[in-house]
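Below you'll find the structure, written out as structure tokens, and then a few comments.
Values below: all heavy atoms of this structure, side chains included; hydrogens, waters and symmetry mates excluded.
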Amino acid sequence: MDEPEIRRVLLQQAQAWRSSGVQFVTKQAGIELPSTPIVPPPNEPEMPAPQGASEMPKVKKKEAVAPAKPAAKPAAMPTLPSSSDEPWPAAYAKLSAAKRQEELDQLQATVAGCTLCAELAKTRTQTVFGVGSAKARIAFFGEAPGADEDRLGEPFVGRAGKLLTQIIEACTFQREDVYILNTLKCRPPGNRNPTTEENENCRPYFERQLEIIQPEYIVCLGRFAITNLLQSTAPIGKLRGQFHPYRGSKVVVTYHPAYLLRNPSAKKDVWEDMKMMLKDMGVTIPKPAK
């Protein structure tokens with residue numbers, strides 16, 4: 001190998017040493033490296049930029065998101081008093097019996113023209129509103145008119161009505177001293193049970209009657225009267241023997257006179273219910289005749 005070839009090989013080797021980090025080569029080798037630094041090759045070749053790279057959207061740095069505040073608890077819904085909890089309007093307490101009767105007469109005229117229950121309006125002879133004192137301490141609250149009531153336009157005038165009259169008189173009162181009304185103001189055909197819709201249609205009428213009279217005591221006669229006034233489906237036997245509140249009145253639950261006609265043994269239970277009411281009223285309970 002001649003000298004020029006040797007120098008070329010040594011120069012290549014020196015360049016390789018510099019590429020690997022050797023800073024100088026002894027002069028004894030007789031080789032001078034070029035002053036321009038040799039840039040070592042990158043570890044990996046650079047990939048060419050993809051087409052359209054300049055148009056690609058820059059990814060924004062994700063901003064820190066504050067933790068969400070816990071949702072506020074919803075405000076508690078106000079508890080609205082039911083109709084049985086609302087007190088009687090104070091204005092009626094000061095009204096005279098004549099003024100209350102005037103209010104009842106106006107309501108009766110409205111009831112007479114009612115056609116909310118199409119079937120009852122077609123089949124009735126007349127509406128059966130209510131009778132008695134407009135300032136009665138006791139209201140006897142029944143279910144629906146029967147055939148006799150439909151014919152005469154007065155509640156409790158048939159056999160069951162005569163028995164109710166006896167109960168009232170046993171309590172030392174007369175029919176004109178108390179107030180008598182029903183849930184329904186029309187007779188259901190064939191004396192069938194009132195429907196839920198019929199009861200609801202008549203509800204504003206009997207509630208208004210009681211509101212005008214504001215009796216101290218309401219005697220619920222039978223299941224339908226109890227369900228409509230107290231909104232309870234509990235058996236009569238479980239509701240008897242205690243007072244139930246209704247807008248400031250004390251409600252007594254007992255059996256319907258028609259039930260007593262079929263079950264005479266229950267008369268003693270009704271009398272116990274009446275004695276409970278009379279004692280609370282401060283009325284002396286009459287001794288049975290010998």
Side-chain angles (χ1 to χ4, degrees), residues 84 128 130-133 136-149 154-184 187-188 191-194 199 206-207 209-210 213-290:
S84 62
V128 181
V131 293
S133 171
R137 294 185 67 187
I138 308 172
F140 286 88
F141 187 51
E143 299 179 357
D148 293 325
E149 288 77 14
E154 183 177 337
F156 284 94
V157 292
R159 292 180 61 216
K162 291 179 180 180
L163 182 52
L164 178 60
T165 299
Q166 294 175 5
I167 294 171
I168 293 171
E169 292 175 348
C171 294
T172 72
F173 300 110
Q174 300 297 317
R175 280 178 68 102
E176 55 267 26
D177 298 325
V178 302
Y179 195 85
I180 306 172
L181 70 160
N182 284 316
T183 57
L184 255 59
R187 179 200 178 198
N191 288 347
R192 64 163 172 76
N193 291 334
N199 283 323
F206 74 69
E207 286 184 342
Q209 282 176 286
L210 293 173
I213 300 165
Q214 298 190 12
E216 294 177 45
Y217 300 87
I218 302 174
V219 180
C220 278
L221 302 167
R223 179 167 59 89
F224 286 101
I226 296 166
T227 300
N228 279 279
L229 192 72
L230 299 181
Q231 302 294 300
S232 173
T233 57
I236 296 177
K238 291 187 177 181
L239 297 174
R240 289 183 55 249
Q242 57 185 309
F243 292 112
H244 303 272
Y246 180 83
R247 304 191 66 179
S249 296
K250 296 179 179 180
V251 178
V252 179
V253 170
T254 196
Y255 298 107
H256 194 282
Y259 176 82
L260 301 182
L261 293 174
R262 300 189 302 271
N263 302 274
S265 62
K267 290 182 179 179
K268 65 180 185 300
D269 296 325
V270 173
W271 182 235
E272 290 299 321
D273 297 332
M274 295 301 100
K275 287 194 297 182
M276 178 187 71
M277 179 183 67
L278 294 173
K279 183 178 180 180
D280 194 74
M281 292 177 68
V283 174
T284 302
I285 300 174
K287 295 180 180 180
K290 293 182 180 180

Tell me the closest heavy-atom pair linking Pro257 and Leu164, and the distance in Å. CG-CB, 4.0 Å
Quick one: OH on Tyr246 to CD on Gln231, what's the gap to the nearest 0.5 Å? 8.5 Å
Give me the one residue out of Val178, Ile138, Leu210 that meets side chain to side chain contact (heavy atoms under 4.5 Å, CB included) with Pro215. Leu210
Pairwise distance CE(Met276) to CZ(Phe243) - rounded to 0.5 angstrom: 4.0 Å
Measure across Phe206 and Asn182 and return the closest heavy-atom pair with its distance rounded to 0.1 Å. CB-O, 4.0 Å
Side chains of residues 170-177: which donor-acceptor partners sit under 3.5 Å, not counting sequence neighbours?
{"unit_1": "Arg175", "atom_1": "NH1", "unit_2": "Phe156", "atom_2": "O", "d": "3.0"}
{"unit_1": "Arg175", "atom_1": "NH1", "unit_2": "Thr165", "atom_2": "OG1", "d": "3.0"}
{"unit_1": "Arg175", "atom_1": "NH2", "unit_2": "Glu154", "atom_2": "OE2", "d": "3.3"}
{"unit_1": "Arg175", "atom_1": "NH2", "unit_2": "Pro155", "atom_2": "O", "d": "3.2"}
{"unit_1": "Arg175", "atom_1": "NH2", "unit_2": "Phe156", "atom_2": "O", "d": "3.4"}
{"unit_1": "Asp177", "atom_1": "OD2", "unit_2": "Gln174", "atom_2": "N", "d": "2.8"}

Roughly how far, to the nearest 0.5 Å, is the CG atom of Leu181 from the CD atom of Gln209? 5.0 Å
Which atom names give the shortest non-hydrogen contact between Gly132 and Tyr179, and what distance separates them? C-CD1, 3.8 Å
Ignoring hydrogens, what is the shortest heavy-atom contact between Pro194 and Leu184? Give both atom names and the distance. CB-CD2, 3.6 Å
Taking only distance into account, with no hydrogens and no angle test, what donor-acceptor pairs under 3.5 Å do side-chain atoms of residues 233-240 form with protein atoms, sequence neighbours excluded?
{"unit_1": "Arg240", "atom_1": "NE", "unit_2": "Asp273", "atom_2": "OD1", "d": "3.2"}
{"unit_1": "Arg240", "atom_1": "NE", "unit_2": "Asp273", "atom_2": "OD2", "d": "2.9"}
{"unit_1": "Arg240", "atom_1": "NH2", "unit_2": "Asp269", "atom_2": "O", "d": "3.0"}
{"unit_1": "Arg240", "atom_1": "NH2", "unit_2": "Asp273", "atom_2": "OD1", "d": "3.1"}

How far does CE of Met281 sit from CE of Met274, to the nearest 0.5 angstrom? 10.5 Å
When the side chains of residues 216-224 are checked against the rest of the protein, which donor-acceptor pairs come out under 3.5 Å, sequence neighbours left out?
{"unit_1": "Glu216", "atom_1": "OE1", "unit_2": "Arg137", "atom_2": "NH2", "d": "3.1"}
{"unit_1": "Glu216", "atom_1": "OE2", "unit_2": "Arg137", "atom_2": "NE", "d": "2.8"}
{"unit_1": "Tyr217", "atom_1": "OH", "unit_2": "Asp280", "atom_2": "O", "d": "3.4"}
{"unit_1": "Tyr217", "atom_1": "OH", "unit_2": "Asp280", "atom_2": "OD2", "d": "2.6"}

Spatial distance of atom CG (Asn263) from atom NE2 (His256) [nearest 0.5 Å]: 13.5 Å
